[in-house]
Trainee: 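First the structure, then my questions, so here it is.
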Amino acid sequence: MVLGIQAAVSHPTWSGSYAIDDYGRPMLLPGMSGVVANVRVGDAVFPWAADHLEPGVSAGCDDRGRHQALQFLACLGNTVRVVGGPAAGAVGTVVGKHAFVLVDFPQAALDVLAPGDPLLVRAHGQGLRLSEFPEIAIRSLSPALLRALPLQRTDEGRLRIDVALEIPAQLMGAGLGMSSEWANCDVMFTHRDTVERFGAEGLRLGDVVVMHDQDHRFGRGYRKGMCAIGVVAHGGYGGLPGHGTGVVTIMSGRREQFEPVLVERANVRDYLDLPE
Amino acid sequence: MCATIWIFPNERGRVSEAARINEGELLVTAVVGDVTSPSMAANPYEVDADGRPVVPVGMGGVCYNVKVGMSALGWAGDQVEPGVSIANAVAPANEALNVFACVGNRAVVRSGDAAGVEGVVVGKHEVFMGAKHVLVHLDDGALERVVPGDRVLVRANGRGMRVAERPQIACHSLSPKLWRAWAPELRVGSVAVRVTRVLPPEVMGMGSGRVSAVTSVALQRGVDGLEGLRLGDLVAVSDWDATYYTGYRSGALTIGVVACGDSPLLGNGPGMTLLLSAPAGFLDAELDPDANIAGLLELG
């Protein structure tokens, strides 16, 4: 089903106190909510003085029930239209989920969008199944992005998918234990030592990655021999320990059902041919 | 002739000296909570790890038949809280209750049929987007008399604890009483504490990224090494830091006490209340199958 869901550009909020980063320093950094006009999906994850950096526009609803519906029903690759304000008529694409639904717009729209501007999200994708891979659970993946991903069925009957990084289970942090469709799961890249140790320096927002020993079918958690495929949704080098780089789950199943192929670039900006 | 006198530490740098804390500096303060009652959404079903509906039971209120020292696994429930679960209805006061209460603190029932009865704080449990509970052990007679709504005073003592000569070690939710009973040992460069097991970092599930002072972290179902786990067990997790927040850190060691039972939900499992954490090399985990607070605190 394709549903029209009301949303609006959110506004940043602040708790009134410092958080503490992974070096033990008090931290007060932007990144979450509102409009980030100079970082977009496709850009590098780490070179920003930001915490939970949500690229582009963060869309939400003031009403909690409606916000939950938006959170669960919006899928990566969905179309979003600005329905009021100076940017009215601009069309964007859902590229991530966090506390908000993250939307990429052309730069001209990002330069004029403001908190409160009304949006319409055409939610399409929850319930999607792969007829050739009925055991693989699909989550928050639109038919549009599914068609755009360079997927192949191998001779052995596996699903071949390009990935930019492999992530071991011990790096999975905040987001474990939550619903598969809700927000994302953080990879604990909050300290330079961890980023370098696991070779993630070149990671980009929008990269497709594989998370090993992860079962993200009915919630998210550890399960040996399974894996999950996801898309990097938020970044920044600042970070609360235990949080980090958010990855939205799009698929999960037994490890042997997948053939992840590590490639130089596997990014939804290219797959969806997002406009400048 | 060489005149140097060598002092040989024995195996693993042991010098057999009790590690000391700043007990004389620590305040004793009063925080209160009321005995909770379980709460649920209109639709009671959660979805378990295999996609089956389950009704979670065990969080909040009074649990008569699950006690510290018993198995943390195998209950037909979700994160069962042993004994009495208390919280303060005023949200900021509940944060303070949950920050200040430490495992081993005295608790006193202040109202109802069990007024005057004393118990012991045995853990803290934070539920996602929900409750923060302090768990109190009462003896069986008192447990039969206490009801949801009864007020419980916690004589909070332990916040601000530091280990003498080892400033690298962060202390959380740990009372001087439990410290003395546990008797950590000062070693060359480190402090050794007794634990029932050392678990790998991938065991840490929901609770990653939370504030260490106030929270519990779920030991995820499905990770090797949880067999035989008991409520009250002192447990170490390698490559895990809980100095301020809870998260992965190569080489660090975090130690906690198992506060609540297993969960059928993915990413969840027995909740561990945090006690100690330090960077690589400053904390040693010494295996002892009896390292459980039921014995150390002589819970009746």
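In what follows, every heavy atom counts, from backbone to side chain, and hydrogens, waters and symmetry copies are set aside. In what follows, every chain begins at residue 1, and chains take the letters A, B, ... in the order their sequences are listed.
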Trainee: Tell me which of these, S179(A), G175(A), A174(A), has more heavy-atom pairs under 4.5 Å with chain B than the rest.
Mentor: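 Option with the greatest count: A174(A).
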Trainee: Verify the neighbour count for atom OH of Y45(B): are there more than 12 heavy atoms of other residues, nucleotides or ligands below 6.0 Å?
Mentor: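 Atom OH in Y45(B) is not crowded, with 12 or fewer foreign heavy atoms closer than 6.0 Å.
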Trainee: Would you mind checking which part of R249(B) comes under 4.5 Å of any heavy atom in chain A, side chain (CB onward), backbone (N, CA, C, O), both or neither?
Mentor: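 Only the side chain of R249(B) comes within 4.5 Å of chain A.
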Trainee: Select, from R217(A), M178(A), M172(A), the one with the greatest count of heavy-atom pairs under 4.5 Å involving chain B.
Mentor: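 So the answer, after comparing R217(A), M178(A), M172(A), is M178(A).
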Trainee: Considering only heavy atoms and a distance below 4.5 Å, find which of V47(B), D239(B), V223(B), V203(B) pairs most often with chain A.
Mentor: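 Result: the option with the highest number of such pairs is V223(B).
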Trainee: Which atoms of A19(A) are under 4.5 Å from chain B, going by heavy atoms: the side chain, the backbone, both sets, or neither?
Mentor: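 Contact with chain B: backbone and side chain both.
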Trainee: Can you confirm whether more than 12 heavy atoms, excluding those of N43(B), are under 6.0 Å from its CG atom?
Mentor: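 Enclosed: over 12 neighbouring heavy atoms sit under 6.0 Å from CG of N43(B).
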Trainee: To the nearest 0.5 Å, what is the distance between CZ (R220(A)) and CD (Q220(B))?
Mentor: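 Going from CZ on R220(A) over to CD on Q220(B), the span is 12.0 Å.
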Trainee: Within a strict 4.5 Å, meaning less than it, do heavy atoms of the S208(B) and L176(A) side chains meet?
Mentor: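 They are not in side-chain contact.
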Trainee: Select one option (side chain, backbone, both, neither) describing which atoms of D193(A) are under 4.5 Å from chain B's heavy atoms.
Mentor: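 The side chain, not the backbone.
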Trainee: Under 4.5 Å from any heavy atom of chain A, what part of Y244(B) do you find: side chain, backbone, both or neither?
Mentor: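 The side chain, not the backbone.
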Trainee: Would the number of heavy atoms belonging to other residues, nucleotides or ligands and lying under 6.0 Å from CD of Q6(A) be above 12?
Mentor: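 No, because the 6.0 Å sphere around CD of Q6(A) holds 12 heavy atoms or fewer from other groups.
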Trainee: Are D224(B) and K224(A) within salt-bridge range, i.e. N to O under 4.0 Å?
Mentor: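 Looking at K224(A) together with D224(B), the answer is no, because their closest N to O distance does not fall below 4.0 Å.
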Trainee: Among G51(B), G247(B), G207(B), G209(B), which residue has the highest count of heavy-atom pairs closer than 4.5 Å to chain A?
Mentor: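 Of the candidates given, the most pairs with chain A belong to G209(B).
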Trainee: Atom OH in Y222(A), atom CD in E202(B): separation rounded to 0.5 Å?
Mentor: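 Y222(A) atom OH to E202(B) atom CD measures 5.0 Å (nearest 0.5 Å).
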Trainee: I need the contact set between residues 257-278 of chain B and chain A: heavy-atom distance under 4.5 Å, sorted by residue number.
Mentor: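 Only L266(B), G267(B), N268(B) of residues 257-278 of chain B have a heavy atom under 4.5 Å from chain A.
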Trainee: For A49(B), which atoms come within 4.5 Å of any heavy atom of chain A: side chain, backbone, both, or neither?
Mentor: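 Answer is both: backbone and side chain atoms of A49(B) are under 4.5 Å from chain A.
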Trainee: Output all residues satisfying side chain to side chain contact (heavy atoms under 4.5 Å, CB included) with P168(A), sequence neighbours left out; order by chain, then residue number.
Mentor: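 Expected list: Q170(A), L171(A), F198(A).
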Trainee: Using a strict 4.0 Å threshold on nitrogen-to-oxygen distance, state whether R223(A) and D50(B) make a salt bridge.
Mentor: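 Yes, charged N to carboxylate O under 4.0 Å.
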Trainee: Is it the backbone or the side chain of D22(A) that comes under 4.5 Å from a heavy atom of chain B, or both, or neither?
Mentor: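 Contact with chain B involves both backbone and side-chain atoms of D22(A).
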Trainee: If you round to the nearest 0.5 Å, how far is CE of M188(A) from OH of Y245(B)?
Mentor: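 One finds 15.5 Å between OH of Y245(B) and CE of M188(A).
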Trainee: Please identify, among G222(B), P201(B), A218(B), S250(B), the residue contributing the most non-hydrogen atom pairs under 4.5 Å to chain A.
Mentor: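 Option with the top pair count is S250(B).
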Trainee: Where does T246(B) contact chain A at under 4.5 Å (heavy atoms): side chain, backbone, both or neither?
Mentor: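 For T246(B), the backbone is the part near chain A, not the side chain.
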